[in-house]
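The next block holds one structure in the form of structure tokens; read it before the comments.
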Amino acid sequence: MKHQNFYIFSYGSNLLMQRIKERVASVAVVGKHELQGYKLAFNKQSIDGSTKANLVATGNPGDSAWGVIHRISQTDKPILDQYEALGHGYLHMTFPLNIEDKEQLIYAYVATESQYLSIGD
């Protein structure tokens with residue numbers, strides 16, 4: 001029986017294959033992708049006091065953020081959601097992308113605005 005897969009747009013620390021593979025063994029690289037209308041920001045405050053990468057929508061098609069599309073087994077999604085703090089400072093953003101002649105829904109983990117650092121912090 002073939003497992004269903006899902007796709008994520010990885011950026012920040014998830015670009016380190018060793019790190020993401022330690023979390024979800026089924027991960028595979030599909031290819032790089034330029035996400036238009038977004039920019040990469042380091043505006044997410046972590047509980048350890050460090051800052052984390054985040055995708056911020058700009059509405060400007062001239063802006064873009066580069067990342068990697070990863071394919072992951074659907075059975076590993078709850079594990080990755082837990083590592084990525086889905087529902088606890090992060091939510092899913094989705095966008096369609098044509099992969100291997102089929103439109104797929106791509107997930108990206110983005111920080112909720114309440115988790116953004118304020119200017120002066």
Side-chain angles (χ1 to χ4, degrees):
M1 179 179 187
K2 188 174 181 183
H3 290 129
Q4 288 286 132
N5 295 309
F6 74 103
Y7 297 86
I8 64 167
F9 178 80
S10 295
Y11 62 95
S13 64
N14 280 341
L15 292 176
L16 180 60
M17 191 65 171
Q18 178 183 348
R19 177 185 171 105
I20 195 168
K21 194 152 189 78
E22 287 172 354
R23 294 175 170 187
V24 285
S26 66
V27 68
V29 173
V30 173
K32 63 183 178 178
H33 181 68
E34 182 181 14
L35 185 60
Q36 310 241 302
Y38 286 82
K39 67 179 180 178
L40 185 64
F42 295 89
N43 64 348
K44 163 75 167 84
Q45 184 166 1
S46 180
I47 57 172
D48 67 6
S50 66
T51 56
K52 305 294 182 188
N54 187 27
L55 291 173
V56 177
T58 67
N60 181 351
D63 291 336
S64 66
W66 281 94
V68 171
I69 303 296
H70 283 126
R71 180 180 56 244
I72 299 172
S73 170
Q74 190 69 39
T75 59
D76 283 342
K77 189 173 185 311
I79 296 166
L80 188 59
D81 287 348
Q82 183 177 355
Y83 274 110
E84 294 300 319
L86 183 64
H88 303 281
Y90 282 91
L91 52 85
H92 276 148
M93 175 208 53
T94 60
F95 61 93
L97 186 64
N98 192 344
I99 297 175
E100 299 171 350
D101 297 324
K102 184 176 179 188
E103 188 171 280
Q104 300 287 347
L105 190 62
I106 310 300
Y107 292 90
Y109 296 92
V110 294
T112 58
E113 286 190 37
S114 65
Q115 299 294 314
Y116 288 2
L117 290 171
S118 10
I119 295 176
D121 280 354

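FYI, the numbering just counts along the sequence from 1.
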Rounded to the nearest 0.5 Å, what separation is found between the [atom1] atom of [X] and the [atom2] atom of [Y]?
X: Gln4; Y: Gln74; atom1: CD; atom2: CD; answer: 7.0 Å
X: Phe6; Y: Thr75; atom1: CZ; atom2: OG1; answer: 9.0 Å
X: Glu34; Y: Phe9; atom1: CD; atom2: CZ; answer: 9.0 Å
X: His92; Y: Ile8; atom1: NE2; atom2: CD1; answer: 8.5 Å
X: Ile20; Y: Glu84; atom1: CD1; atom2: CD; answer: 7.0 Å
X: Thr58; Y: Gln36; atom1: OG1; atom2: CD; answer: 10.0 Å

Asp76 side chain to Val24 backbone, donor-acceptor under 3.5 Å: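 Side chain of Asp76 to backbone of Val24: no pair is present.
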Polar side-chain atom of Tyr109 near backbone of Ser10 as donor-acceptor pair, under 3.5 Å: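 Judged by distance alone, no pair lies under 3.5 Å.
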Shared hydrophobic cluster for Leu16 and Val68 (ILVMFWY, side-chain gaps under 4.5 Å): no
Shared hydrophobic cluster, Phe42 / Leu35 (ILVMFWY, side-chain heavy atoms < 4.5 Å): yes
For [X] and [Y], work out which heavy atoms get closest and say how close.
X: Ser26; Y: Ile72; result: OG-CG2, 3.5 Å
X: Leu55; Y: Ala108; result: CD1-CB, 4.0 Å
X: Gly12; Y: Ala53; result: CA-CB, 3.9 Å
X: Ser13; Y: Arg19; result: OG-NE, 3.3 Å

Report yes if some heavy atom in the side chain of [X] is under 4.5 Å from a heavy atom in the side chain of [Y]; otherwise report no.
X: Met17; Y: Val27; answer: yes
X: Tyr7; Y: His33; answer: no
X: His70; Y: Val29; answer: yes
X: Arg23; Y: Asn14; answer: yes
X: Asn43; Y: Thr51; answer: no

Could you give the side-chain donor-acceptor pairs of residues 93-106 under 3.5 Å, partners two or more places apart or in another chain?
unit_1	atom_1	unit_2	atom_2	d
Asn98	OD1	Asp101	N	3.3
Asn98	OD1	Lys102	N	2.9

Lys32 atom NZ: more than 12 heavy-atom contacts under 6.0 Å: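 Result for NZ/Lys32: open.
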